[in-house]
There are 2 protein chains.
Amino acid sequence: MSPRTEKQYQEIREEKRKLIKDKALELFALEGFDKSSISKIAKRAGISKGLLYNYFDSKEALLTAIIFEQVDIMMSFFDTNKDGVLEKHEMEYFIRQTFKLLKENPEFWKLYFMLAFQPNVMKLVEEKFMDIVQPMLERTNEFFKREGYQNPEVWTRYLGAILDGISLNYVVDPNNFPLDEIENLVVKQICGTNK
Amino acid sequence: MSPRTEKQYQEIREEKRKLIKDKALELFALEGFDKSSISKIAKRAGISKGLLYNYFDSKEALLTAIIFEQVDIMMSFFDTNKDGVLEKHEMEYFIRQTFKLLKENPEFWKLYFMLAFQPNVMKLVEEKFMDIVQPMLERTNEFFKREGYQNPEVWTRYLGAILDGISLNYVVDPNNFPLDEIENLVVKQICGTNK
DNA sequence: ACTTTTTGGTTGAACGGTTGGTCAAAAATA
DNA sequence: TATTTTTGACCAACCGTTCAACCAAAAAGT
């Protein structure tokens, strides 16, 4: 017989994992991935260095766990009616959701941009990331084609670039960047409505 | 008596400095700032580690030298007629120059984005950087005001975000990003002309 | 009720490797 | 020879990672 039930142990493990991930993300956003040593992460989480390795096999494993946790959240948000067609109102929903996620968790997006420029690290998650992004790009492509744009694939990449640029500027300087006004500008430009 | 004249030594020193800066930038873009050790930079430049410290006081000094060299090049490019007014054709020139610099030296912009998300490092250059960016922002502000936009300062930040996002996407994936087509889209949208 | 056993979470010293940076000596030049 | 460039072994500090030992708490035994 076990001193504690299986469920009790699982709860403890899950809570600690969540704690470590949260504190690590904080530090990554604050000091960058390389400057955030395991010791500092452990100290911030209030645990010993050794215990961190009881929960994550390596620093990289910790990083990918953080990323894929957030990716899963993203997927659940973008899982709309699944009919494969992106209506104009769905495009507006898509854009506004992007801004919503940005406002809710700027720390993650800071980490995301950091990694986009760390070639070695990005390769760890690139493949799985692409699996998620690719369908979005295709649906966006079809949207612009249906709307009568001359170069739909160019506009898809343009929209992606615009959203990236906005995210980048907001994350770097959240207090001074007029996010809500620009959200409306983008929606107006792409969806032709002005709320 | 000196073994070589003062002028000879200065020329040699300047050439070596340039060599080191170039090779360091290559490596930074390839592997990131933290992963580019002094030893690796020296090896890539074909010199010893010790000699690198004859030319740059520290790794940080090398980094800031690279950045400010590029900033100086930028300034010389944007130094137009200096009348303080940004005409529509000057705005188009401004935008197209931005794209030109991007195509000419993507490695530098990769480094620039890398650093934008390394808070500690960015603070070294933040102040001098702002001195250069601020006048551009003000002139852009006045441009949008003169063109009759309702929220000129929002549009200034929007344009900045768009250019950042495009640069980011191009630098990450230069072979597949349709830079020229998107350049024309931006110019058309902001300046109302289609070349 | 109380002691013992069992379990797995928890610790921090220790390890091999790498880093940015130093320096005495050697090579090169005129 | 006199001066400067150039070298690479060397250093302390820190890195990610490991591991033997420890601890808190629940179940089992009495």
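Please read these numbers as outputs of a predicted model, since none were measured by experiment. Residue numbers start from 1 in every chain, and the chains themselves are labelled A, B, ... in the order their sequence lines are given, proteins ahead of strands.
Within residues 13-22 of chain A, the residues having any heavy atom closer than 4.0 Å to DNA chain C are, in order of number, A:R13, A:K16. Residues from residues 29-43 of chain A that place a heavy atom under 4.0 Å from any atom of DNA chain C: there are none.
In terms of the side-chain contact (heavy atoms from CB on, under 4.5 Å) criterion, residue partners of B:N176 (sequence neighbours excluded) are, by chain and number, A:R157, B:D173. Every residue meeting the side-chain contact (heavy atoms from CB on, under 4.5 Å) condition with A:N151, not counting sequence neighbours, appears here in chain and number order: A:E153, A:V154. Partners of A:Y53 according to the side-chain contact (heavy atoms from CB on, under 4.5 Å) rule, which considers only residues two or more places apart in sequence or in another chain, are A:I38.
Here the side chain of B:S48 is nearest to one of D:dT6, C:dG21, D:dT17, namely D:dT6.
One can place NZ of A:K59 at 17 Å from C1' of D:dT18, the figure rounded to the nearest angstrom. Computed from coordinates, the B:N54 CG to C:dA27 P distance equals 18 Å when rounded to whole Å. Atoms CD (A:Q10) and P (C:dG9) sit 11 Å apart, rounded to a whole Å.
Nearest-nucleotide positions on DNA chain D place B:I47 closer to the 5' end than the other of A:S58 and B:I47.
No hydrogens or angles considered: a donor-acceptor pair under 3.5 Å links the side chains of B:Y158 and A:Q189. Side chain to side chain, A:N184 and A:R96 meet the donor-acceptor criterion of an N or O pair below 3.5 Å.
Residues B:E90 and B:R139 are not paired through a salt bridge, judged by the lack of any N-O separation under 4.0 Å between the basic side chain and the carboxylate. A salt bridge links A:K23 and A:E26; the closest N-O separation between the charged side-chain nitrogens and carboxylate oxygens is under 4.0 Å. Residues B:D180 and B:K103 are paired through a salt bridge, judged by an N-O separation under 4.0 Å between the basic side chain and the carboxylate.
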Check nucleotides 23-25 of chain C for protein N or O atoms closer than 3.5 Å to its own N or O atoms and list the pairs.
none

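Geometric assessment of B:K110 against the ring of B:Y170 yields a negative cation-pi assignment under the 6.0 Å and 45° thresholds.
A chain of hydrophobic side-chain contacts below 4.5 Å, direct or via other Ile, Leu, Val, Met, Phe, Trp or Tyr residues, connects B:L137 to B:W155.
Relative ring orientation between A:Y112 and A:F129 is described as parallel, the plane-to-plane angle staying below 30° on a 0-90° scale split at 30° and 60°.
Using a 4.0 Å heavy-atom cutoff across all strands shown, A:Y55 reaches sugar-phosphate atoms only and no base atom.
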